[in-house]
Amino acid sequence: MLKVYNSLTQKKEKFVPLTDKKVRMYVCGITAYDSCHLGHARAAIAFDVVYRYLKFLGFQVDYIRNYTDIDDKIINRSKESGMPWKELTGRYIKEYQEDMQSLNVLPPTREPRATEHIPHMTKAIQKLIENKMAYASQTGVYYSVRSFKDYGKLSHKKIEELESGARIEIDETKKDPLDFALWKKAKPGEPEWESPWGKGRPGWHIECSAMSTEYLGQPFDIHGGGRDLIFPHHENEIAQAEGACAKSFCKYFLHNGFVNIDAEKMSKSKKNFKTIKEVIAERDAEVVRYFLISAHYGSPIDFTDRNMKDARAALDRYYLLQQRLSALPDFKSSKVAKAESGVEKELADSLKNLPKRFQEAMDEDFNTAGALGGLFETIRLFNKYLDSLQGKNPPFASWAKSEWEKHQKVFQDVLGVFVSKPETYFERLKKIHAKVHRVDVALIEKKIEERRQARHAKDFKLGDEIRNELLKMGVEIKDKPDGTTEWHLR
RNA sequence: GGCGCGGUAGCAAAGGGGUACUGCAUUGGUCUGCAAAACCAACAUACGCCGGUUCGAUUCCGGCCCGCGCCUCCA
């Protein structure tokens, strides 16, 4: 039974979709005016895992993730750069999609853009005006926050408290400082669309309530996004959707935690961000994805060199086992091989329990960290078994391998990691690290060849000297039984 | 000031009323010409502090301290 932490109720609740076997989910995407950073990657991956797990559970999932392709930041950036807004947003949407592909994030069912849904938004605004929840002024149309009695139910804030803390805004024709814009009238030279209140553009919040309800209906099941969107963005979406048609907006609100740098939130305004492209180039996309799912999606996660190295080490451990396993014969028989020795029984049990343990963890609000814990326990036992193998009971060996591979499929499908061939993975990392640490691969290989010759001539002293020399360069070597030597960078 | 999230070993991170999944690091060992990898063993006098409930709490309740976040755009 899947349970999810619902920000609305502040509790972990049983997940029961509104329509049997169907899940309708909307996640706030990006504002396309600049390159995306790790924080955006985290949100995307968090909900990608939600999407994948729901599908794994057999739900038919309708997953919408939007692009904000018009707003003040876009207009400003367009002015600064001289690039037309449409070209600008097109460029960054494309870049985002490339980033998502490298991170193995599945495309949602639909990725609507705000500017393609202006008529729906104006219709929604009209409805709000009719319901006396909104009013037009000289500068645009505003939502009257006080007219919505449930305002604050998501962020658990009270209007009076907001009032006292509200910052003073200049040049507003709002009736109340808390009211927010549904429609902004265009200033000369700004992008504009027709509306009953004059040419202009939609406010930020209306796009999400309009597009989500257009594609998913009202109410729908899951609304996701970063924690920073709880207020005011999601709070305002609720006010708009429920103010317009007196039906509940969405059943479960899920929010992901931030990526921190030095224990502080990564963000554009603090200028302490790392773009997705940068991090992928420096540490590998699969390592980045592993890192981001190694903690629960709702908690903060600290981006540090050490944490990234740990993530890489864990993934290395996984692929090292895969490499060992490739030497085992494939499973041919249809009969389940019997575990004989103690280690075999231990491994067989662990393999048997792995899917259960995986699902139990994932059922607890998508606990990816817990799921990985179970996997690594099996990895340890598999290594132990392989160490004690000595060619006994080969049917069990190949059966265990096939069981393992069967379960890997689930991890790959749901978590989106462990998807490479071991050789490809190590090759990729070798290249990245050689580049990042500026080491000369040709030189390393030359040294290794020198060492091979020295060892062949039984000159172990020279061989060890070369090995130490390489170690000083950060190169670690591994002599394989077949006489070849592998290397990797520390 | 209001609201929210969190504080688990050297680091990271699960768990959860009956004495702690996992990854990295450290120490000793097995293996290896030596290494590396792997495996074995050791490593938290009990999970921020103080009270309460309980036969029993790190896990529940209350208070406190500390960190982070939102209250302006933000994944």
So does A:D310 reach the base of B:G23 with its side chain, donor to acceptor, closer than 3.5 Å? yes
Tell whether A:R227 reaches the base of B:G4 with its side chain through a donor-acceptor pair below 3.5 angstrom. no
Taking only the side-chain heavy atoms of A:R324 (C-beta and beyond), determine which of B:C24, B:A75, B:A38 contains the nearest atom. B:A38
Paired with B:A9 by Watson-Crick or G-U wobble geometry, both distances under 3.5 Å: which nucleotide is it? none
Partner of A:D284 under side-chain contact (heavy atoms from CB on, under 4.5 Å), picked from A:H433, A:K431, A:R312, A:R428, is A:R428
Answer with yes or no whether A:K265 presents, from its side chain, a donor or acceptor under 3.5 Å of a partner atom in the base of B:C68. no
Under-4.0 Å side-chain N/O to phosphate OP1/OP2 contact, A:R317 with B:A38: yes
Establish, from distance only, whether the side-chain atoms of A:Q453 and A:E449 form a donor-acceptor pair under 3.5 Å. yes
Side-chain N or O of A:K270 versus OP1/OP2 of B:G69: is the shortest distance under 4.0 Å? yes
Would you check if the distance from the ring center of A:F249 to the ring center of A:H223 is below 6.0 Å? yes
Hey, is the side chain of A:H40 poking within less than 4.0 Å of OP1 or OP2 on B:A75, counting only N and O atoms? yes
A:N383 side chain near B:A37 phosphate (N/O to OP1/OP2, under 4.0 Å): no
